[in-house]
Chemist: 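There's a structure below that I have some questions on.
When a ligand or atom number is given, it counts from 1 through the structure's own listing order. We number each residue from 1, following the sequence as shown.
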Amino acid sequence: MPRAEDGPGVTELIAASPPLDTNSAYCNLLQCTDFRETCILAESEGRVVGWVSGYRSPARPDVLFVWQVAVHSDARGQGLGLRMLDELVERPAAAGATTLTTTITEDNQASWKLFHAFARRRGAALTKAPRFEREAHFAGAHDTEFEARIPL
Ligand SMILES: CC(C)(COP(=O)(O)OP(=O)(O)OC[C@H]1O[C@@H](n2cnc3c(N)ncnc32)[C@H](O)[C@@H]1OP(=O)(O)O)[C@@H](O)C(=O)NCCC(=O)NCCS
């Protein structure tokens, strides 16, 4: 679980992990404190190398929403992304959640592969539908975000 002191390291990792949207330092501080029970920080030799942010949807507490996943480029391809997601759904703060959701742009193949692999390992089917659309929700400034849903 992250602490407030981890905020700057998280902001730095996300900024170094395109195509993720960058966050304000303040956003990451809130995640590291108010939402820490549904966030995961991975460190190696004192450096932040992995991060998952999430929360229980206020309107749908049965939904565990994963906001961002980032693994430092030096630490990719070793199963860390999957390991963090596995850990997240086992947390006491995830108890009772029946669905994991996240949103992914069509072209983010690494992210689709990660969530498909997570679903496959659990014997679950991933379903996909547009959630925030380019024109209607981003005023043309951002690709459509597709919601991936995985039963837990
Ligand atoms: C996406 C990301 C988190 C994956 O982290 P990772 O620790 O390298 O992922 P893992 O090693 O756990 O791999 C999980 C699965 O995804 C696949 N995968 C991961 N990166 C991939 C890539 N670039 N291309 C193809 N497949 C990839 C792996 O092969 C594995 O699947 P498998 O079990 O079927 O072999 C990392 O690449 C990253 O931080 N990218 C930049 C930020 C981003 O796009 N985040 C996702 C948005 S939510």
Chemist: Mind checking what makes salt bridge (Lys or Arg N to Asp or Glu O under 4.0 Å) contact with Asp74, not counting sequence neighbours?
Modeler: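 Salt bridge (Lys or Arg N to Asp or Glu O under 4.0 Å) list for Asp74, sorted by chain: Arg47.
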
Chemist: With a 3.5 Å cut-off and sequence neighbours excluded, list the donor-acceptor pairs that the side chains of residues 145-152 form with protein atoms.
Modeler:
from, atom 1, to, atom 2, distance (Å)
Glu145, OE1, Thr103, OG1, 2.8
Glu145, OE1, Ile104, N, 3.3
Glu147, OE1, Arg149, NH1, 3.2

Chemist: How would you list, by chain and number, every residue that makes a ring pair (Phe, Tyr, Trp, His ring centres under 6.0 Å) with His116, sequence neighbours excluded?
Modeler: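 Applying ring pair (Phe, Tyr, Trp, His ring centres under 6.0 Å) to His116 gives none.
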
Chemist: Answer yes when Arg56 and Glu37 have at least one side-chain N-carboxylate O distance shorter than 4.0 Å, and no when they do not.
Modeler: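 Between Glu37 and Arg56 there is no salt bridge, as every charged N stays at least 4.0 Å from the carboxylate O atoms.
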
Chemist: Inspect the contact between Arg3 and Asp6 and indicate whether a charged nitrogen and a carboxylate oxygen are less than 4.0 angstrom apart.
Modeler: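 Here Asp6 pairs with Arg3 in a salt bridge, since their nearest N and O are under 4.0 Å apart.
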
Chemist: Between ligand 1 and the protein, which N/O pairs fall short of 3.5 Å?
Modeler:
from, atom 1, to, atom 2, distance (Å)
ligand 1, 7 (O), Gly81, N, 2.8
ligand 1, 8 (O), Gly77, N, 2.8
ligand 1, 11 (O), Gln78, N, 3.4
ligand 1, 11 (O), Gly79, N, 2.8
ligand 1, 12 (O), Gly81, N, 3.3
ligand 1, 12 (O), Leu82, N, 3.0
ligand 1, 34 (O), Arg120, NH2, 2.6
ligand 1, 39 (O), Val71, N, 2.8
ligand 1, 39 (O), Val71, O, 3.3
ligand 1, 44 (O), Asn108, ND2, 2.9
ligand 1, 45 (N), Val69, O, 2.7

Chemist: Could you tell me whether a side-chain N or O of Arg91 sits under 3.5 Å from a main-chain N or O of Cys39, the two making a donor and an acceptor?
Modeler: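 Yes; at least one donor-acceptor contact below 3.5 Å.
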
